[in-house]
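One structure is given below, encoded as structure tokens.
By convention in this document, chain letters (A, B, ...) are assigned in the order of the sequence lines, proteins followed by strands, and residues within each chain are numbered from 1.
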Amino acid sequence: MYWSKLFIPTLREDPADAEVASHRLLLRAGYIRQLSAGIYNYLFLAQRSILKITQIVREEMDAIGGQEMLLPALNPAEVWKESGRWEGMGQNMFRLKDRWGHDLCLGMTHEEIMTYIARGELRSYKQLPQIWYQIQTKFRDEPRPKSGLLRVRQFIMKDAYSFDLAPEGLDKSYDAHAVAYRKIFTRCGLDFIEVEADSGAMGGSQSQEFMVASAAGEDFVVRCRATGYAANLEKAVSRPVPPAQPDPEGDAPEEIHTPGQKTIAEVAAFLSLPETSLIKSVVVVTDDNRPFLVLLRGDHQLSETKFNSAVGAKEHRAAHPDEIREWFQADPGSLGPVGVTKLKVLTDKALEGRQNMVSGANRNDYHLKNVTPGRDFMAEYHDLRQVVSGDTELETGAALDVVKTVEIGHIFKLGYRYSKSMGLNVLTESGEEKAVIMGSYGIGIERILCAAFELYNDKDGVSLPASIAPFALVLTVTNLKDEALLAAGNDLYAQAKAAGIDVLMDDRDERPGVKFKDADLIGIPWRINIGKKVAQGLVEVVERRTKEMVEKPLAEAIAYVADRLRG
RNA sequence: CGGGGCGUGGCUCAGCCUGGUAGAGCGCCUGGUUCGGGACCAGGAGGCCGGAGGUUCGAAUCCUCUCGCCCCGACCA
């Protein structure tokens with residue numbers, strides 16, 4: 001294509017409202033324009049990239065036997081009421097009424113509709129397994145859309161669903177998706193992290209997330225570069241950093257006066273002890289109104305998810321100050337486990353084996369020294385703390401990192417949740433009705449583009465992987481008035497086309513500097529400069545990401561690029 | 001929903017505090033000179049200052065309401 005005929009509205013300055021790198025560059029490079037909060041127009045360049053991404057997704061989904069469909073985004077309420085999610089989705093679901101007053105919604109995901117199709121048509125185990133997928137627009141009324149295309153209200157998702165007769169079948173479908181996802185993200189040129197995800201309160205189903213490291217991300221992943229261990233922060237386990245100071249000798253708790261010292265940091269400083277020598281007391285109440293005292297090492301944080309699964313709760317909240325006063329006869333800042341009988345005490349494993357530590361005395365302005373778990377209070381140990389950077393891997397002791405990430409894909413064993421609530425059964429070989437077991441598998445299409453922008457940008461713009469860049473090669477004719485250059489450019493263009501390269505010819509009547517800047521900004525991985533050296537039969541081939549430049553004879557330049565693109 | 005910030009030509013912003021009838025740079029159009037990292041000269045087009053109401057002789061500027069966008073938090077199948 002000829003740039004002079006295209007609509008690629010690049011900006012010379014950074015847009016004011018864009019803070020994260022991908023947002024700023026998607027706007028500057030002319031890929032997208034905003035329509036409203038969390039709603040974007042995808043212009044020519046974005047659409048080209050998206051088409052390349054979806055093509056990769058399609059090929060790999062087809063390779064595992066996926067069958068592409070296209071379901072409506074506009075859904076009747078009834079189907080969602082059957083699964084219980086008409087209520088369950090709450091305010092995140094866009095809802096509307098038709099002219100008759102019937103409730104409708106815009107689909108956030110399509111478990112319900114896929115199950116609806118399946119139960120109407122699948123009758124026999126002989127029809128299983130099935131993998132159905134679509135690449136389609138989803139709507140979610142996010143409370144706070146943000147960060148450009150990273151959190152939006154309308155986006156494209158590849159969502160796939162598997163239907164199997166038995167758990168072993170689901171395992172195969174799930175594993176096939178994991179393999180396909182690795183291929184998809186690798187082909188898209190992304191450096192991704194695969195993590196075990198929290199399977200949530202819905203039971204022990206398996207779930208994996210595919211993440212890309214990015215400062216703009218909202219999910220934390222714990223990763224070990226040495227062993228390859230990776231897990232969602234909420235689920236990660238580790239060996240804590242050892243206490244900063246060995247535990248002292250002592251035989252019984254003893255009160256010490258600590259006037260006005262409330263936080264861990266204050267108490268530690270007051271007593272000249274490291275935070276690791278203190279016991280942190282956290283009081284929480286579950287959604288079914290059970291209070292707990294949770295004990296952690298002073299420098300550790302409670303993991304919400306681990307606590308919930310330890311006590312079998314869906315949610316919990318911090319106890320109110322008046323509740324705490326009633327249960328402890330003391331205020332937050334002076335709480336501890338010794339003598340506590342009114343609520344259950346849970347102790348984090350990092351305190352196991354420790355002795356003679358400092359905790360609150362349950363008397364305002366007093367703490368206790370010589371507090372030993374198991375001796376001075378009943379200690380029931382659980383893994384309750386959140387991993388922090390600096391912790392080490394449980395088995396090997398190798399260093400762990402906590403990295404911020406963006407989620408690009410998620411695979412999930414659904415089990416029987418939808419088949420049972422919506423009545424999706426088939427007849428088995430022995431003629432009995434059996435619920436179908438399902439899996440669901442999602443990829444955020446725009447997030448792949450965003451992740452690439454986040455991963456591969458520099459001061460000049462973005463450098464996209466060739467597989468998802470809107471063009472693989474740009475031909476920069478430095479001076480359009482020079483007919484020899486233009487002729488050489490047109491010749492290279494024809495060669496590139498013939499070689500099957502997705503080529504963009506910059507035939508704009510602009511100065512060379514403008515063309516170089518734009519080419520760098522929009523991220524075309526390869527550029528050929530057609531300049532004065534054409535007189536000697538030479539052009540320059542430049543790789544966007546490395547800025548490396550080589551001179552090649554006119555007749556060899558395209559073959560060189562084609563070769564580099566292949567491998 | 002709580003907290004903060006911002007709405008002025010296409011873009012980035014100044015002007016607002018201390019009211020007097022709208023500016024700069026970039027971009028755009030025309031002509032000319034240029035042509036290897038966002039050129040230069042000359043001329044030109046383009047804004048009822050987010051909206052409504054109020055105060056005032058007079059409002060981009062002060063007051064009230066409202067709408068929108070961004071950021072932090074809460075939330076996130």
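Counting to the nearest Å, the C1' atom of B/C69 and the CZ atom of A/Arg153 are 11 Å from each other. Rounded to whole Å, the distance from CG on A/Asp14 to P on B/C70 is 17 Å. Distance A/Ile39 CD1 to B/G68 C1': 12 Å, rounded to the nearest Å. Counting to the nearest Å, the C1' atom of B/C75 and the CG atom of A/Asp219 are 13 Å from each other.
Nucleotide B/C6 is matched to B/G68 when pairs are restricted to Watson-Crick or G-U wobble geometry with both distances under 3.5 angstrom.
At the heavy-atom level, A/Ser36 lies under 4.0 Å from the strands shown only through sugar-phosphate atoms. Nucleic acid contact for A/Pro9: none, since no nucleic acid atom lies under 4.0 Å from a heavy atom of the residue.
Of the P atoms belonging to B/U18 and B/C26, the separation is 34 Å, rounded to the nearest Å. Separation of the P atoms belonging to B/G10 and B/C49 is 13 Å when rounded to the nearest angstrom. Rounded to the nearest Å, the gap between the P atom of B/G27 and that of B/G38 is 12 Å. For the P atom pair drawn from B/C28 and B/G23, the interatomic distance equals 23 Å after rounding to whole Å. Atom C1' of B/G25 sits at a distance of 23 Å from the matching atom of B/G31, rounded to the whole Å. Here, B/U21 and B/A59 have their C1' atoms 9 Å apart, quoted to the whole Å.
For the segment residues 155-163 of chain A, the set of residues with a heavy atom within less than 4.0 Å of an atom of RNA chain B is empty.
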Would you tabulate the pairs of protein nitrogen or oxygen atoms and nucleotide nitrogen or oxygen atoms of nucleotides 71-74 of chain B closer than 3.5 angstrom?
unit_1 : atom_1 : unit_2   : atom_2 : d
B/C71  : OP1    : A/Ser147 : N      : 3.2
B/C72  : OP2    : A/Arg144 : NH1    : 3.1
B/C72  : OP2    : A/Arg144 : NH2    : 2.7

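Listed by chain and number, the residues in a salt bridge (Lys or Arg N to Asp or Glu O under 4.0 Å) with A/Asp159 are A/Lys138 (sequence neighbours excluded). With sequence neighbours left out, A/Arg564 forms a side-chain hydrogen bond (donor to acceptor under 3.5 Å, both in side chains) with A/Tyr560. A/Lys280 is linked by a side-chain hydrogen bond (donor to acceptor under 3.5 Å, both in side chains) to nothing, counting only residues two or more places apart in sequence or in another chain.
Between A/Glu234 and A/Lys306 there is no salt bridge, since no side-chain N of the basic residue sits under 4.0 Å from a carboxylate O of the acidic one.
Across every non-hydrogen atom of A/Ile32 and A/Ala46, the tightest pair is CG2-CB, 4.1 Å.
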**Request:** Let me have a per-nucleotide readout for nucleotides 34-41 of chain B, 5' to 3', with B, S or -, counting only protein heavy atoms under 4.0 Å.
**Result:** BBBBBB--
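The residue among A/Glu142 and A/Pro15 whose nearest nucleotide of RNA chain B lies closer to the 5′ end is A/Pro15.
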**Message:** Using the rule given for side chain to side chain donor-acceptor pair (under 3.5 Å), can you reason through A/Tyr31 versus A/Arg48, listing the C-alpha separation, both sets of side-chain angles and the distance that settles it, and then say yes or no?
**Reply:** CA-CA 9 Å; A/Tyr31 279 65; A/Arg48 276 188 82 88; over 6 Å; no
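Here A/Gln91 does not reach the OP1 or OP2 of B/C76: none of its side-chain N or O atoms lies under 4.0 Å away.
No close placement of the A/Tyr133 and A/Tyr441 rings is indicated, their centers lying 6.0 Å or farther apart.
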